[in-house]
Amino acid sequence: MVPDTSAPVSFPVPKENEPVRRRSVFSRSFRGADSHHALAPDDASAIRSRRRRKTSDDSLRLIDDLVNRPMDPMFSDSRLVHEHHSVIVTWLNRVIVFIICVGVGFAGSLFVQQLQSDPRKQVRQTLASQLENRNSQIDDLTTQVNDLRSQVDEQSKRISGSVKSDVLRRDELVNGTVAVAGEGITMSLADPIAASQSGTSSNRVGTTSSIRVVTDLDLQLLVSLMFQNGAEAISINGNRLGAQTSIRKAGGHILIGMSAVESPYSIEAIGNKNTLAQAMNEEHLPNLYASFKAAGIYPQVSKSNSITLKAAVTSEIQYAERNE
């Protein structure tokens, strides 16, 4: 290695004060490292250009070391030889780093998506699916109960050979325990267009909602008017009304018994179609129709020659008997 004569010449250090110089043995390339420490004292070119100092003050030697040898020998040795990597190793490192970055980015996006998702939405979907399953089970059980009840009635007739009295038939008709068919009317009404577009749920009159929709009270009123004018059997959206059937509001839905119904609502009533149609038209109920029109609700009444209503969902009914 050719010495650099332009570098400042360091002050010679006595043997007892010479610093311990160690190679960077922790480096993989320490064998090929050549030291460029201060020149040896027997270097002729250094001796000729070296400035002689007449003093042996330790403080001056310390300043000389800080000025002329500021770099640590071990660090200096580690910078002499650079390790050369092959092209395969370089590209392999790049591929590994790229895969790690993609994995970290994908995990971060999943984490952010999980934070932004609404856990209540999944809970609502689960509850809605469970409710649909329960409703379907209720429908199946109701059908089975009606079939079994009709079979019991037939077997009772065969055994006793008696015929039901008119009173018992009328009671069964009122209680809704048997399927019926006959002429009647169908009244249709729906929530206003503004309510369906905004997705507003049915609210009772008098709440803070500015949109008036069909409520359970409206359905109760219409059903009462039909019964008052001679209706023998009534159903709402296919749900027969019986002695144990209620019309009530639960959350954002209207329940007919245990079945939820939504707009549009179809009320079917069996009875004298002319009498029912006249009693439920706009001329006979001007105030009710005016309040509906003010809210954007327009009931429609149509006559029908044949309407079939299935039996209502009821528990076991016991009739009073004469004590003899």
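We number each residue from 1, following the sequence as shown.
Both Leu221 and Phe292 sit in one connected hydrophobic cluster of ILVMFWY residues. Membership requires side-chain heavy atoms under 4.5 Å apart, directly or through other members. Leu222 and Tyr298 fall into different hydrophobic clusters, where Ile, Leu, Val, Met, Phe, Trp and Tyr residues are linked whenever their side-chain heavy atoms come under 4.5 Å apart, directly or through other members. Using a 4.5 Å cut-off between side-chain heavy atoms of Ile, Leu, Val, Met, Phe, Trp and Tyr, with links allowed through other members, Trp91 and Ile99 fall into different hydrophobic clusters. Note on Leu255: it does not cluster hydrophobically with Ile267, by side-chain heavy-atom contacts below 4.5 Å among ILVMFWY residues.
Counting heavy atoms from C-beta outward, Met226 and Glu232 have side chains that stay 4.5 Å or more apart. The shortest side-chain heavy-atom distance between Pro192 and Val213 falls under the 4.5 Å cut-off. With a 4.5 Å cut-off on side-chain heavy atoms, Thr215 and Leu219 do not count as touching.
In this structure, Ser246 contributes its side chain and Arg248 its backbone to no donor-acceptor pair below 3.5 Å. A donor-acceptor pair under 3.5 Å links the side-chain atoms of Ser263 to the main chain of Asp191, judged by distance alone. Within the 3.5 Å criterion, the main-chain N or O of Ile236 finds a donor-acceptor partner in the side chain of Asn239. The closest donor-acceptor contact from the side chain of Thr275 to the backbone of Asn272 lies at 3.5 Å or more, if one exists at all. Side chain of Asp218 to backbone of Asp216: no donor-acceptor contact under 3.5 angstrom is found. Between the side chain of Asn281 and the backbone N or O of Gln278, at least one donor-acceptor pair lies under 3.5 Å.
The CD1 atom of Ile234 sits 11.5 Å away from atom OG1 of Thr245, with the distance rounded to the nearest 0.5 Å. Distance check, rounded to the nearest 0.5 Å: CD of Gln220 to CG of Leu225 gives 12.0 Å. Separating the CD atom in Gln228 from the CE atom in Met280 is a distance of 9.5 Å, to the nearest 0.5 Å. Rounded to the nearest 0.5 Å, atoms OG (Ser224) and CD1 (Ile247) are 7.5 Å apart.
When all heavy atoms of Val180 and Ala233 are compared, the pair lying nearest together is CG2-CB, 3.7 Å. When all heavy atoms are compared, the tightest approach of Lys303 to Ala277 is CE-CB, 3.6 Å. The two atoms that bring Pro299 and Leu189 nearest to each other are CA-CB, 4.1 Å, heavy atoms only. Nearest heavy atom pair, residue Tyr289 against residue Met187, reads OH-CE, 3.4 Å. When all heavy atoms of Ile307 and Ser304 are compared, the pair lying nearest together is CG1-OG, 3.5 Å.
The 12-atom threshold is exceeded at CD1 of Ile96, counting heavy atoms of other residues, nucleotides or ligands nearer than 6.0 Å. By the neighbour-count criterion of 12 heavy atoms within 6.0 Å, atom CD of Gln130 is densely surrounded, having more than that number from other residues, nucleotides or ligands. When the shell of 6.0 Å around CD of Gln125 is examined, it contains more than 12 heavy atoms from other residues, nucleotides or ligands.
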Checklist entry - What do the steps show when you test His253 against Val261 for side-chain contact (heavy atoms from CB on, under 4.5 Å), and what is the final call? => result CA-CA 7 Å; His253 298 278; Val261 294; over 6 Å; no
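Between Arg240 and Glu268 no salt bridge is recorded (no basic side-chain N to carboxylate O distance below 4.0 Å).
With Ile185 as reference, Val301 is the one residue of Asn274, Ile270, Val301 to meet the side chain to side chain contact (heavy atoms under 4.5 Å, CB included) rule.
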